[in-house]
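Just so we're on the same page: letters track the sequence lines, and every chain starts at 1.
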Number of protein chains: 2
Amino acid sequence: MLVDQILLHINKGKFAANQKLPSEHELADQFRVPRMIVRKAYERLQELGYIYSMQGKGSFVKDRKKQIPLVFSKDVSFSEKMRELYSDYYSENVGCEPIPYHTEIYPSLSTDKDEQVYKIRRLRFLGKLPIALHTSYISESLFQDIGELGNTITSMFEYYRSKGYTDVYSEKSILSVIFPTEFEREILQCSSLVPLLLLESRCLDRETGTVLEVSKIRYRSDCFTYII
Amino acid sequence: MLVDQILLHINKGKFAANQKLPSEHELADQFRVPRMIVRKAYERLQELGYIYSMQGKGSFVKDRKKQIPLVFSKDVSFSEKMRELYSDYYSENVGCEPIPYHTEIYPSLSTDKDEQVYKIRRLRFLGKLPIALHTSYISESLFQDIGELGNTITSMFEYYRSKGYTDVYSEKSILSVIFPTEFEREILQCSSLVPLLLLESRCLDRETGTVLEVSKIRYRSDCFTYII
DNA sequence: TTTCATGAACTTGGCAACAAGGTAAATTGA
DNA sequence: TCAATTTACCTTGTTGCCAAGTTCATGAAA
């Protein structure tokens, strides 16, 4: 497979960032294959985020951000942990809106069909790089002011503390791998073949056992390793 | 994006398994796009493992195995856990061979440069479906008979027990997402765009703290969710 | 000397025509 | 009537050509 071979070269560090790759014709002659094969390989590498091509100019290697270790933890807020470790970590609220009835989320929150559940999304950054999209589903019946305040929250952990829930924890998480939708590609600034780690869990108050939120976090898998 | 739209249809269950999809021409006319666009979309779906195409016949949807939950655990052997949960789980030894010096593995095992480290690979099955490739690196200095026995081991856990290490545990694991190499594609019977979960850790004897093995497990991400 | 226009030689991007494989109905021959 | 063969038409796969964008050298004009 041509893609594998080119990747090998790139990963070996044989190409510097933004260095021009051989033209499609050149590489085709070199490997004795039709240009279409090289073309497909280059297209694939583009979608994987390794190179970029410009009509008339050529194809160039992207500077590959190296994989930074992140720590998955159970008891501590993701934000708190990250702020400890990385000084340039910050969150940005990217919207709060009511959602229609959902057959899994509503029961998880012990919410009736006629009550309202809100979806609050925060984008997590490390420097200028968006690393994760955090979506929290919480019920209006438990948090009356969420409709108004939802747009301002960047840390649910702090919000819960302000409501008197001082000891919250996360349930067992379900991990799966998905590819980004168009919205996720745009907001996470990644190409279509960058897999996302989807971590689903619920957040509970330890004292009462109340389910505070259903949480879905989508992590970019290309610039991080995760310690579990 | 055309791929997203077609996937939406497939995931909605609008297409039965092995049902024929519209021909490239047909879909091109329908969406008012050149055939090449449809072609690319179909090719992508093939590589993602959703459909298959046959020259002269058409394109058909693959039957999508649903995602089965697996449990990541620290203290118990993966094999033991799986055998408890699934009756049709089994392992197959796919080779044992000495490796050349490696700058990360050797120090991890506290092994000198002139000693030999073996790579033992087992393939994990659920029914006929290969779900994971487990690679263990262990040092000959600690296990003298590994060169002869290596080809027969399907559970390292049992092997360690036979050597007197009854209480072994796994260190903190590092999780990352990779795409399969040609070898991995073949052995795991998956297409090139099926991401693999790579779980790296070390296995230690609790009593003495001896590092028994460096372990790398590659899980197919397309037919499983993982509980952590 | 400087500046701008021109065009040749490269690049990637896109498309149409062709090749090759499969199916089924129509045709042929016994 | 039945089986073998041909034919027409569908499918996906491949190839080669041309369009479009960029660069750079050349040379004429200011």
Is a salt bridge present between [X] and [Y], judged by a nitrogen-to-oxygen distance below 4.0 Å?
| X | Y | result |
| --- | --- | --- |
| E158(B) | R83(B) | yes |
| E184(A) | R218(A) | yes |
| R44(A) | D4(A) | no |
| R124(B) | E92(B) | no |

Does a nitrogen or oxygen in the side chain of K57(B) sit under 4.0 Å from OP1 or OP2 of dT23(C)?
yes
When you measure from the side-chain N and O atoms of S59(A) to the phosphate of dT11(C), is any distance below 4.0 Å, counting only OP1 and OP2?
no
Could you check whether any side-chain heavy atom of [X] comes within less than 4.5 Å of a side-chain heavy atom of [Y], counting everything from C-beta outward?
| X | Y | value |
| --- | --- | --- |
| L45(A) | Y52(A) | no |
| V177(B) | D222(A) | no |
| K20(B) | V61(B) | no |

Tell me: [atom1] of [X] to [atom2] of [N], nearest whole Å?
| X | N | atom1 | atom2 | answer |
| --- | --- | --- | --- | --- |
| D29(A) | dC10(C) | CG | P | 13 Å |
| K20(B) | dA24(C) | NZ | P | 12 Å |
| Y42(A) | dT12(C) | OH | P | 7 Å |
| H25(A) | dC10(C) | NE2 | C1' | 10 Å |
| F60(A) | dT11(C) | CZ | P | 11 Å |

For nucleotides 14-18 of chain C, list the nitrogen or oxygen atoms of the protein found under 3.5 Å from its nitrogen or oxygen atoms, one pair per line.
unit_1, atom_1, unit_2, atom_2, d
dG14(C), O6, R35(A), NH2, 3.4

Of all nucleotides in DNA chain D with an atom under 4.0 Å from a non-hydrogen atom of chain B, which is the first and which the last going 5' to 3'?
dT11(D) to dT14(D)
Considering the options R121(A), R122(A), K119(A), which one meets the side chain to side chain donor-acceptor pair (under 3.5 Å) requirement together with S136(A)?
R122(A)
